[in-house]
Protein chains: 2
Amino acid sequence: MDQMHSNALTQKLSKFMALTAAEIETLAGVAQRKLTLSTDQGLSQQGQANSAAFILTRGWAFSYILLHDGSRQIVDFRVAGDFLGLRGLLSPMSDLFIEPLTDVEVTEFQIGELLGAGTKVPRLMSAILAGIARDQAITVEHLVSIGRRGAPERTAHFFLELGARLEEAGQGRKDNYACPLTQYHMADALGLSAIHINRVLRELREDGLLTFRKGEVFIDDYDQLSKLAGFDPGYLRAKTVF
Amino acid sequence: MDQMHSNALTQKLSKFMALTAAEIETLAGVAQRKLTLSTDQGLSQQGQANSAAFILTRGWAFSYILLHDGSRQIVDFRVAGDFLGLRGLLSPMSDLFIEPLTDVEVTEFQIGELLGAGTKVPRLMSAILAGIARDQAITVEHLVSIGRRGAPERTAHFFLELGARLEEAGQGRKDNYACPLTQYHMADALGLSAIHINRVLRELREDGLLTFRKGEVFIDDYDQLSKLAGFDPGYLRAKTVF
DNA sequence: CGAGACCTTGATGGCTATCAAGCCGAGTGG
DNA sequence: CCACTCGGCTTGATAGCCATCAAGGTCTCG
């Protein structure tokens with residue numbers, strides 16, 4: 001089995017730095033198990049019990065929090081190459097759920113083992129932290145969007161970020177990618193109602209900026225849309241600390 | 001013992017687990033420098049250049065992002081015992097600023113040295129990650145608040161969280177604490193206008209739930225306010241991974 | 001063909017921003 | 001000592017963004 005190429009952790013961490021043979025070797029010592037899950041199988045409980053986290057290798061997933069009144073806030077969408085379930089493992093968020101959005105393929109590993117590898121090889125720890133930090137930057141930018149951008153700007157920013165992340169993951173182009181979200185998902189992620197999302201999408205389409213149709217996003221005028229959203233992809237860049 | 005108490009890192013990490021003598025010894029090897037800063041001295045640039053981060057030991061600070069249109073989103077307020085400047089160091093957020101809100105006392109350290117200590121003693125790394133994860137949980141809860149709670153609920157939640165954090169830091173009681181924020185700060189943190197914050201505060205006061213007056217918060221009916229906000233402090237609990 | 005999930009559009013209303021004005025207290029300088 | 005300024009707080013009036021309610025359309029699938 002050509003385990004090297006199929007090693008999701010190696011692929012993930014090498015995005016943040018060039019890994020040496022020794023580092024790859026160390027990572028290979030972290031047991032990984034590939035799983036395939038379909039839409040109806042929640043991921044929330046999968047990891048919690050046995051301290052397992054995942055790397056998403058195919059498909060989309062999302063994490064969300066349910067409020068007492070039944071409303072839902074989607075915290076983030078996860079695509080190929082993203083960590084999954086790490087946040088809930090490291091911090092005790094109650095009512096944090098993770099669900100596949102499409103059929104997904106994930107690679108499971110023990111968080112303790114990964115950190116053990118990082119302890120043996122500090123550069124690996126640096127890469128792990130870079131991954132965590134990038135996710136945090138995405139969350140912060142999300143917070144800014146909801147807090148201080150109007151609905152059209154917010155929506156525009158959302159699709160621009162997704163495009164940038166998907167292109168980086170080799171899952172499409174930043175201005176044209178498959179997107180399995182419903183308008184209800186977008187609404188719960190962006191803090192809007194689905195009805196209003198619908199109107200905003202129409203407006204963006206009529207303005208020749210962005211078209212969302214049948215699970216596909218076309219960004220018709222990338223520059224104008226970026227300008228509208230105030231989108232600066234700097235926060236998606238990797239950065240390592242030592 | 002006295003030495004322990006003067007070591008900000010030891011104090012911080014011991015919140016997440018009981019530290020052994022050997023672990024305290026290792027932490028003592030991380031150089032720390034105490035600084036005092038006043039309101040007009042930004043902290044943003046202080047760390048970036050030389051990879052320094054801080055622990056806030058006295059006073060309040062806050063981090064925020066400036067948008068192109070001049071509006072501001074405050075990401076979080078930091079109080080005694082909190083990490084400061086770690087996020088900007090680990091991830092490349094542009095336009096992320098940190099400012100003291102009062103005169104502050106901070107303990108500076110090199111992030112590389114701290115992680116070095118964590119590499120030598122895995123349990124320390126676990127505590128560091130627990131600290132990072134807690135901050136992340138706070139950010140996520142903030143996101144939920146802005147995305148899916150109305151202005152009164154959001155404001156209530158905000159003061160309840162602050163109270164819980166301050167009490168834990170030994171800076172007051174969860175239902176009565178000093179709070180140097182202006183209504184403009186609250187507005188930019190909560191995604192509202194200062195004018196509306198003012199009206200919400202009046203409403204909460206008239207309902208006998210919470211009083212904010214001259215830099216002091218009184219929570220008049222803790223249970224009712226918690227119920228209104230849907231506040232569940234679970235996300236503030238520490239949690240270690242191994 | 002019926003059901004269900006999702007999308008679309010119109011009408012209405014409410015929550016919150018914005019504009020405008022004034023108040024208060026603290027610091028400052030004439 | 002007192003006007004002056006400035007930051008912060010307060011309140012009223014108006015407007016607009018977006019939620020909600022209602023209804024119907026389209027598509028897929030059993």
Side-chain angles (χ1 to χ4, degrees), chain A residues 38-40 60 62 67 69-74 99-103 145-158 178-207 210-217 228, chain B residues 38-40 60 62 67 69-74 99-102 145-158 178-207 210-218 228:
Chain A
S38 55
T39 314
D40 49 7
W60 291 50
F62 67 109
L67 304 210
D69 68 354
S71 59
R72 173 177 75 166
Q73 176 64 49
I74 293 181
E99 247 178 55
L101 197 66
T102 64
D103 289 353
S145 245
I146 296 184
R148 282 294 180 229
R149 284 194 254 259
E153 293 80 6
R154 203 183 298 183
T155 307
H157 194 278
F158 175 74
C179 174
L181 305 179
T182 69
Q183 297 182 356
Y184 294 89
H185 290 122
M186 302 172 203
D188 284 343
L190 296 175
L192 299 166
S193 71
I195 293 173
H196 198 60
I197 284 284
N198 185 280
R199 292 190 222 275
V200 168
L201 287 177
R202 170 154 58 110
E203 187 189 319
L204 292 174
R205 177 171 8 99
E206 288 172 356
D207 289 349
L210 176 149
T211 307
F212 177 87
R213 184 161 37 86
K214 287 191 248 198
E216 187 168 5
V217 172
L228 170 68
Chain B
S38 55
T39 316
D40 49 7
W60 290 51
F62 67 110
L67 305 210
D69 68 355
S71 59
R72 173 177 77 165
Q73 176 63 48
I74 293 181
E99 249 180 52
L101 197 67
T102 65
S145 246
I146 295 184
R148 282 291 180 234
R149 284 195 254 257
E153 294 80 5
R154 205 185 296 182
T155 306
H157 194 278
F158 175 74
C179 174
L181 305 179
T182 70
Q183 297 182 357
Y184 293 88
H185 290 122
M186 302 171 202
D188 284 342
L190 296 176
L192 298 165
S193 71
I195 294 172
H196 198 60
I197 284 284
N198 185 279
R199 292 190 222 275
V200 168
L201 287 176
R202 171 155 57 111
E203 188 189 319
L204 292 174
R205 178 171 9 98
E206 288 172 355
D207 289 350
L210 177 149
T211 307
F212 176 87
R213 184 161 37 88
K214 288 191 248 198
E216 186 169 6
V217 172
F218 304 86
L228 171 68

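Below, chain A is the first sequence line, B the second, and so on; all start at residue 1.
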Quiz item: Among all residues two or more places apart in sequence or in another chain, which pass the side chain to side chain donor-acceptor pair (under 3.5 Å) test with B:Thr182?
Solution: B:His185
Quiz prompt | Spacing of B:Tyr184 atom OH and B:Ile74 atom CD1 [to the nearest 0.5 Å] | solution = 13.0 Å
Self-check item: With B:Ser71 via side chain to side chain donor-acceptor pair (under 3.5 Å) - residues at least two apart
Solution: B:Asp69
Quiz prompt | Below 4.0 Å: OP1/OP2 of C:dA5 and any side-chain N or O of A:Gln183 | solution = no
Quiz item: Which pair of heavy atoms, one from A:Pro100 and one from A:Phe62, lies closest together, and at what distance?
Solution: O-CE2, 4.3 Å
Scan the side chains in residues 187-205 of chain A for donor-acceptor partners under 3.5 Å anywhere in the protein, sequence neighbours excluded, and list what turns up.
residue: A:Asp188; atom: OD1; partner: B:Arg148; partner atom: NH2; Å: 2.7
residue: A:Asp188; atom: OD2; partner: A:Arg72; partner atom: NE; Å: 2.7
residue: A:Asp188; atom: OD2; partner: A:Arg72; partner atom: NH2; Å: 3.0
residue: A:Ser193; atom: OG; partner: A:His196; partner atom: N; Å: 3.1
residue: A:Asn198; atom: ND2; partner: A:Gln183; partner atom: OE1; Å: 3.0

Quiz item: First and last nucleotide of DNA chain D in contact with chain B, 5' to 3', at under 4.0 Å to a heavy atom: what are they?
Solution: D:dG8 to D:dA13
Quiz item: Looking at B:Leu181 and B:Phe212, what are the two nearest heavy atoms and their distance?
Solution: O-CZ, 3.4 Å
Quiz item: What's the CE-C1' distance between A:Met186 and C:dA5, to the nearest Å?
Solution: 15 Å
Exercise. Please identify each residue that fulfils salt bridge (Lys or Arg N to Asp or Glu O under 4.0 Å) with B:Arg149, with sequence neighbours left out.
Key: B:Glu141
Quiz item: Once each nucleotide of nucleotides 9-24 of chain C is scored for protein heavy atoms under 4.0 Å, what B/S/- sequence comes out, 5' to 3'?
Solution: BBB----BSBBB----
Practice problem: Determine whether A:Glu153 and B:Leu67 make a side-chain contact, defined as any pair of heavy atoms from C-beta on separated by less than 4.5 Å. | Solution: no
